[in-house]
Structure formats: structure tokens, C-alpha cells
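To start, the structure itself, in C-alpha cells.
We number each residue from 1, following the sequence as shown. Numbering of ligands and ligand atoms starts at 1, following listing order.
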Amino acid sequence: MPAITASAPGKIILLGEHAVVYGRPAIASPVNEVRASVSIMAEPLSPPGAVRIIAPEINLNSWLHDLQQSHPLHLTITSVLDFLAIKRIQSCTVRISSTIPVSAGMGSGAAVSVALIKALTAFLGRSISEKQTCDLSFEIEKIYHKTPSGIDNSVVTYGRTIYFEKGKEIDQIVVPQPFELLICDTGIPSSTASVVGDLRSAWLEQPEKIEILFDRVGELSRKACVAIETNKIEELGGLMNENHSILVQMGVSSSELDHLVEAARRAGAFGAKLSGAGRGGNMIALINKATSEVVSQALFQEGAKRVIKTCVQARKKETNEDDR
Ligand code: PMV
């Protein structure tokens, strides 16, 4: 029997990170240039139920039963089995690999969960809907990030640009024309849980002040949705710039991120901002064909460790989403 494989993309947040945890809208896009992949191969000669997990990027080569029950991979596999009411899995080797930078705000944890859920259900000869995949991966996100909004697992599951508000149905965004972004890695690891936790402390101390910032971000996301849907890319860039200023006021940026954001703007980007939790990880710059190369060079000159060019794909409105 050939190996069963599945993969899931990385992601960026175009606008709205942090405020999204507090119920404001945010916009996120998949990044197909980097992916998490899972392949599962049956091992008929191994004892029944023996599951080997190999994930070279995190130096993991272990039997499932030797992993702690709270380990995200253990939890993902057992929650799929519970969900499908399967008591014992056929012996197999699960190989996990990913080109998504870790702790960089690109949704690597969510992508691994989603790829594993998809591969495992296919291996078990079952199918689950995207909504169910999204819900299961949200449970795993809670282990990684404690109080996730759900935006990472949603954009990674659906693999398209989404307008996301916590606890609501995910809105599709019409993208009339594709547009391009550079994703630039500071090389500084960022812990989403700790940045989100610090902002929570600030919010508890000064709720009125921080709520005003969240409201302003929510308004920017709403305007950005209209800008995308009407193909006003320069306007979108301006909104991203405003969003970055507010993230600075929230205390989630860093001198390195600010420096790269400035460099991208000076080199001709329509707009630039940090993307994800902040304090490290990635920033994004909205560019076009004419500015792509010069902005990319400027970012490397100013300390970028890696620059990925990605395209937000055009998308028409879908009338029949049978998965809801
Ligand atoms: O996982 P990251 O670094 O992309 O951060 C996700 C975005 C936050 O809004 C900071 C957290 C969340 O759960 O939405």
C-alpha cells in the first residue's frame, strides 16, 4: 500500500493580529510557498497499534505511546481517533516535515496539525469536513497558544484568504486581482503565548486604552476588506502601515521589525507591517512587480534572514459552500 500524504500551507496575517483575540476582525492568507507535509505508511509487520512518529525538524523519532499525552502530535492523533470513534489504529509510520519557519508567526503548528488530521483520516479510510478539521485543529492550537483566536487553524485549513472574527462563520473575501507580498524573517524567534500574555496583562491594567487600539484595528480590517475586494492595493498598503503603528503602541513590535518595516517603505513598498504575534518573527511588505526586487534587496541589506515572495490568489465569490 502506498503512503498516504497530505499537506497544509503556512499563513500570514494581513491585518488584525492581537485585536482578533479580543473579537475584532482580522484578515489572513495562506502562504503556499512553505508547507507542512505528513505521510503515513502502513507497517503490516509491526505489532498491532504500533505507531512510529518521525519528525526530523524537531529531532523526534518516537513511538506514539512514548510521547507525553499532552504532546501536540499525540493529542492530534488521539483526538482524530476519538472523533472517528476508532479504538485501535493499524500499525504505521507517520513522517512529518515542514518548510514553514517555526516561532515566526507563520502558523507552523497549525499547519502540522491540519496536515496530520487530513493524512490520518485518509489513512483510516474516513473523511471529515473542512469545518471538522478546523475545529479539531483549534483544540490543538489551545495547547500551543493557550488563548488562540482560531485564525491560524482556519486559514490553514481552508487554504484561502479569510476575513475572520472569533466565534463567527468565516467570511470569504473576493480577491478580484492577485497581489504580491514579501514575507521577511527577522530570524528572531517569537513566542505567541508570551506576547499574547504580555498584552493581556497590559489590557488588564489599562483596559480602556487597549480597547481603543483594538477598535481602531478592527476598523482597519473592515476597510482593508473593502480595499481588497475593490482592488485598491495602494489603499490596502496605507491601512497596513496604520495597523503597524497601532501594533507598536500595543508594545508588540521590536526595533528589528520597525527597522525592516521602515526599510521596505523607503524602498517603495505600498505598505509594511509586522505579521503574527510580533517581537520577532516576520514582517510583510506589499509590493508589485516593479518594486519587488528593490524592496527585497533593501530588506536583506537591513538584516533580513530570509525573504519569501508570495501571491494572494484571486478568488471569486463562492455561492455553494457545502461544508458549512
Ligand atoms: O501564531 P502567530 O504568531 O501568527 O500569532 C497569531 C496571531 C495572534 O493574533 C497574535 C494570536 C491569535 O491567536 O490570533
- Task: List the steps, then state whether side-chain hydrogen bond (donor to acceptor under 3.5 Å, both in side chains) holds for Arg52 with Asn61.
- Result: CA-CA 7 Å; Arg52 186 97 203 147; Asn61 186 337; 2.8 Å; yes
- Message: Show the atoms of ligand 1 that are less than 4.0 angstrom away from any heavy atom in Gly105.
- Response: 2 (P), 3 (O), 4 (O)
- Note on the structure: A student checking ligand 1 against Ile151 at a 4.0 Å heavy-atom cut-off should list atoms 14 (O)
- Please determine if Glu17 has a nitrogen or oxygen closer than 3.5 Å to a nitrogen or oxygen of ligand 1. no
- Item | Glu141 touching ligand 1 at heavy-atom level, < 4.0 angstrom | no
- Message: Need the ligand 1 atom indices (1-based, order shown) with element for anything under 4.0 Å from a heavy-atom of Pro148.
- Response: 13 (O)
- Query: Quick one: which ligand 1 atoms are inside 4.0 Å of a heavy atom on Ser149?
  - Reply: 12 (C), 13 (O), 14 (O)
- Task: Could you list which atoms of ligand 1 come closer than 4.0 Å to a heavy atom of Ile13?
- Result: 7 (C)
- Are any of the N or O atoms of Thr192 closer than 3.5 Å to those of ligand 1? yes
- Message: Once you restrict to heavy atoms under 4.0 Å, what part of Asp152 touches ligand 1? Side chain, backbone, both or neither.
- Response: side chain
- Message: Please tell me whether Thr133 and Glu130 have a donor and an acceptor in their side chains that are separated by less than 3.5 angstrom.
- Response: no
- Hey, is Glu17 close enough to Lys273 for a salt bridge, meaning N to O under 4.0 Å? yes
- Message: Between Leu286 and Phe179, is there a side-chain heavy-atom distance shorter than 4.5 Å?
- Response: yes
- Task: Identify whether Phe138 and Val20 are in the same connected component of the hydrophobic contact network (ILVMFWY, side-chain heavy atoms under 4.5 Å).
- Result: no
